[in-house]
Amino acid sequence: MKFFIDTANLEQIKEAQALGVLDGVTTNPSLMAKEGISGKNNVLKHYVDICKIVDGDVSAEVIATDYDGMIKEGEELSELHEQIVVKLPMTKEGIKACKYFSDRGIRTNVTLVFSAGQALLAAKAGATYVSPFIGRLDDVSTDGLALIEEIREIYDNYGYDTQILAASVRHTMHIVNCAKIGADVMTGPLSAILGLLKHPLTDIGLAQFLADHAKANQ
């Protein structure tokens, strides 16, 4: 499973990259605003800065909600850097734009997916990635992981190449469970990725090894 980090914070991206397990980055307007990035030129420059840090795909989201606007923005984003993936909303206009880009070899990430039917449409339109938001489904008492399972079954039935990108990952067990049920990619905060390192028995064992080493070398 690929590991993406969901942030626009350059220091967090650098830390994840240095860990040696990072495969890409997802961003959105909210994450850009959180980092105080505003103004079109500054946002575009920030996307390029992210691409310079990581080796893999970087999802950059369009702001427009109409088809023509999405095409204009998406083409501009795709020309920024070869690692850019155009991020489109799961709407009628977004699916039409997805088909436009896929027909022209421009990679896409269809986001804000909350049903298997939406994921099916995205795959039919040629999306590179589809992003079901599992954490937000959990927030409204719906099983986000069950949606991943449904999409996996449908894609496997028909051999769709679209990758399932589990988004809105909140914690470490989301990552583990997504890996168990066959998500191709997960995107989440650095804290969730680092959480995979932690286990009390590892800490206890290391402390014991160091204590024994110290005794043996007194």
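The first residue of the sequence shown is numbered 1, and numbering continues consecutively from there.
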Could you tell me whether the side chains of Asp212 and Gln208 share a donor-acceptor contact shorter than 3.5 Å? yes
Between Thr111 and Ser131: side-chain donor-acceptor atoms closer than 3.5 Å: no
I need the minimum non-hydrogen distance between [X] and [Y], along with the two atoms involved.
X	Y	value
Ile84	Cys51	CD1-SG, 3.8 Å
Ala127	Thr162	O-OG1, 2.6 Å
Asn109	Ser59	ND2-OG, 3.1 Å
Cys98	Ala122	SG-O, 4.3 Å
Ala166	Ile148	CB-CD1, 4.0 Å
Val113	Met90	CG2-CB, 4.2 Å

Checking [X] side chain against [Y] main chain: does a donor-acceptor pair fall under 3.5 Å?
X	Y	value
Ser102	Ala125	yes
Glu61	Asn28	no
Glu35	Met32	no
Tyr160	Leu120	no
Gln83	Val54	yes
Gln163	Thr128	no

Are side-chain heavy atoms of [X] and [Y] found at a separation under 4.5 Å?
X	Y	result
Asp6	Pro189	no
Val62	Leu88	yes
Val58	Val85	no

Criterion side chain to side chain contact (heavy atoms under 4.5 Å, CB included) on Ile13 and Ile5, from CA distance to verdict: CA-CA 7 Å; Ile13 294 170; Ile5 187 172; 4.1 Å; yes
Looking at [Y] and [X], is any side-chain nitrogen of the basic one under 4.0 Å from a carboxylate oxygen of the acidic one?
X	Y	result
Glu73	Lys40	no
Lys2	Asp184	no
Lys72	Asp68	no

Flag yes if more than 12 heavy atoms outside Asp161 fall under 6.0 Å of its CG atom; otherwise flag no. no
Between CD1 of Ile204 and NE2 of His199, what distance do you get to the nearest 0.5 Å? 9.0 Å
Distance, nearest 0.5 Å, that separates CG of Leu44 from CD of Glu79: 11.0 Å
According to salt bridge (Lys or Arg N to Asp or Glu O under 4.0 Å), does anything in residues 138-149 pair up with another residue at least two apart or in another chain? List the pairs. Asp139-Arg170
Quick one: do Ile193 and Met186 satisfy side chain to side chain contact (heavy atoms under 4.5 Å, CB included)? Show the steps, please. CA-CA 10 Å; Ile193 297 173; Met186 83 84 208; 3.5 Å; yes
Mind checking whether Met1 and Leu190 sit in one hydrophobic cluster, side chains of I, L, V, M, F, W, Y counted as touching below 4.5 Å? yes
Residues forming a side-chain contact (heavy atoms from CB on, under 4.5 Å) with Asn42, sequence neighbours excluded: Ile37
With sequence neighbours excluded, residues passing side-chain contact (heavy atoms from CB on, under 4.5 Å) with Leu147: Ala116, Pro132, Leu137, Glu150, Ile151
Hey, mind stepping through Arg136 and Leu112 against side chain to side chain contact (heavy atoms under 4.5 Å, CB included) and telling me if it holds? CA-CA 10 Å; Arg136 294 194 191 184; Leu112 291 171; 3.7 Å; yes
Could you work out, with ring pair (Phe, Tyr, Trp, His ring centres under 6.0 Å) as the rule, every residue matching His81, not counting sequence neighbours? none
Who pairs with Phe101 by ring pair (Phe, Tyr, Trp, His ring centres under 6.0 Å), at least two apart in sequence or on another chain? none
For residues 125-147, pull every pair meeting ring pair (Phe, Tyr, Trp, His ring centres under 6.0 Å), keeping only residues two or more places apart or in separate chains. Phe4-Tyr129, Phe114-Phe133
Below 30° counts as parallel, above 60° as perpendicular, anything between as tilted: where do the rings of His174 and His171 land? parallel
